[in-house]
Protein chains: 2
Amino acid sequence: MEIKLTSTSLFKGLNEDEIDILLSKITFQRKQFLKNTLIVSQGENCDRLMLLIEGSVKGEMMNQAGKSLKIEDMDAPRVLASAFIFGKRTVFPVNITALTDVKFLIIPKPELLRLLRLNDVLLQNFLGMVSSRAQFLSEKLRFHSFKVLRAKVANYLIDESQQQSSFKLKHSQNELAELFGVARPSIGRAFLQLQDDKIIDIRYKQVTIIDKQRLLEACNE
Amino acid sequence: MEIKLTSTSLFKGLNEDEIDILLSKITFQRKQFLKNTLIVSQGENCDRLMLLIEGSVKGEMMNQAGKSLKIEDMDAPRVLASAFIFGKRTVFPVNITALTDVKFLIIPKPELLRLLRLNDVLLQNFLGMVSSRAQFLSEKLRFHSFKVLRAKVANYLIDESQQQSSFKLKHSQNELAELFGVARPSIGRAFLQLQDDKIIDIRYKQVTIIDKQRLLEACNE
DNA sequence: TTTCAAATGTAACAAATGTGACAAGTTTTT
DNA sequence: AAAAACTTGTCACATTTGTTACATTTGAAA
């Protein structure tokens, strides 16, 4: 179902009438893609803002052999590549593929600049989006800085637990393996090791943190 | 020596008179810190723009054990934490310490917003800064995506060669080891392996690319 | 030039992770 | 409820990387 623009990070805080008036002042496109379509290629020029208003997509980084390191799934409502429009090298850093049928609202860069000048709320929203994107990447990078897999997994569990001692994993081991850039059995081994050490109890997706202190320590190994 | 604001990424494209006029319209602080002073603590609220106009600082992230993972040194002119003023988590992610006596120009967030609205060049500069930060992080992430060390090293050599077949390395193996997050002898082994395969010739810092085609292929392993 | 600290080459062994495979469990679909 | 598809547990073995150590070479300082 198509998302109302009022619920997007770019337009939040504005009502539908205000948005309509603003959009009537610029030139933009609505565009649809079928499931599994390649929407944007890594390296393609990033000269427009892409607002995902229906469906979900995945962004993945490919090496020259076509092997992919999955970065993230994205659901509507969501703005793609907001951080790459104004940089020096204005190219998309990832391939973007449709996971479902999707609809986009596409605003060319010059029109986006005009739009940001038209309205203060929009400007603050956009600054917030770009900043949050940089923060997200920074966090990903921090994750890669953990040397051993056990520390990555421990950190992941801390994040996912949300202060609860018992919870269900959102991702399969396959997804985690792709996320961490390791082989799937390695994920299983890391879980098993934390269990053998009596730090967590894990049975399929159900996790219980037994010793949070030592789980925190495991992040620093 | 104090840096002219015209040479900062925020004010570039404006002349001194224009900058003076703009700054006269907002409230801001000039602030100095002595060498080795802790300027900002990790977790502190990031509610102002900090423009380093003289000296150099280091940013370091601490883990829960208080062990520091060095992130980067920063020299004037430089804007600190531009991505954290408008993001969701508005706290500094690192400790910032003065490496020399330093001078800052500090602009509170509301004043920064007013400033960005006052001038289109400033707005584009600021958007460019945050975007470039995201690109930098994205590039770092791409580097981590290479699975085997040989591929990282091959990629590094391609980057460093700048299309020359013979060149000198800018970094020591120790630095490369830190950059790639591996042990130092592993770097040596990767170089040696590329040499054994007659893809490069390397003798200390002097590198000659023998077979560029296969070096490119080595990026995909 | 001589001296010395740092960088590099290299080796042996330990540890972590990858690969491929298959059985067993779980969830979704029919 | 039964079947199919997916997920997880687990194994043996290959490969990569880490660790430690020491000799050699280089480049900078005295």
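Quick note on labels: first sequence line is chain A, next is B, and so on, each numbered from 1.
Rounded to a whole Å, the CG atom of Asn174(B) is 15 Å from the C1' atom of dG27(D). Regarding Arg150(A), its CZ atom lies at a distance of 13 Å from the C1' atom of dA16(C), rounded to whole Å. The nearest whole Å value for the distance from the CD1 atom in Ile202(A) to the P atom in dT26(C) is 13 Å. Atom P of nucleotide dT17(C) and atom CZ of Phe191(A) are separated by 14 Å, given to the nearest angstrom. Rounded to whole Å, the distance from CD on Gln195(A) to C1' on dT8(D) is 12 Å. The CZ atom of Arg189(B) sits 8 Å away from the P atom of dG18(D) (whole-angstrom rounding). The CZ atom of Phe146(A) sits 20 Å away from the C1' atom of dT17(D) (whole-angstrom rounding). Taking atom NZ on Lys152(A) and atom C1' on dA16(C), their separation rounds to 12 Å, with Å as the unit.
Of the two residues contacting DNA chain D, namely Pro185(A) and Tyr204(B), the nearest-nucleotide position lying further toward the 5' end is that of Pro185(A).
Other residues, nucleotides and ligands place more than 12 heavy atoms under 6.0 Å from the NZ atom of Lys12(B).
An OP1 or OP2 oxygen of dT27(C) is reached within less than 4.0 angstrom by no side-chain nitrogen or oxygen of Lys205(A). OP1 or OP2 of dT26(D) has not a single side-chain nitrogen or oxygen of Gln206(B) nearer than 4.0 Å. The side chain of Arg203(A) places an N or O atom within less than 4.0 Å of a non-bridging phosphate oxygen (OP1 or OP2) of dT26(C).
When all heavy atoms are compared, the tightest approach of Asp201(B) to Ile210(B) is N-CD1, 3.8 Å. Across all non-hydrogen atoms, the minimal contact from Phe84(B) to Val91(B) is CD2-O, 3.5 Å. Minimum heavy-atom separation, Arg150(B) to Ile199(B): NH2-CD1, 3.6 Å.
Expressed to the nearest 0.5 Å, how far CD of Gln29(B) lies from CD1 of Ile107(B) amounts to 11.0 Å.
DNA chain C lies under 4.0 Å from no heavy atom of any residue of residues 164-172 of chain A.
If you check distances only, the side chain of Arg184(A) never reaches the base of dG18(C) with a donor-acceptor pair under 3.5 Å.
With 3.5 Å as the limit, one finds a donor-acceptor pair spanning the side chains of Asn45(A) and Thr90(A).
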Evaluate Phe104(A) against Ile39(A) for side chain to side chain contact (heavy atoms under 4.5 Å, CB included), listing each step before the verdict.
CA-CA 10 Å; Phe104(A) 279 94; Ile39(A) 299 169; 3.6 Å; yes
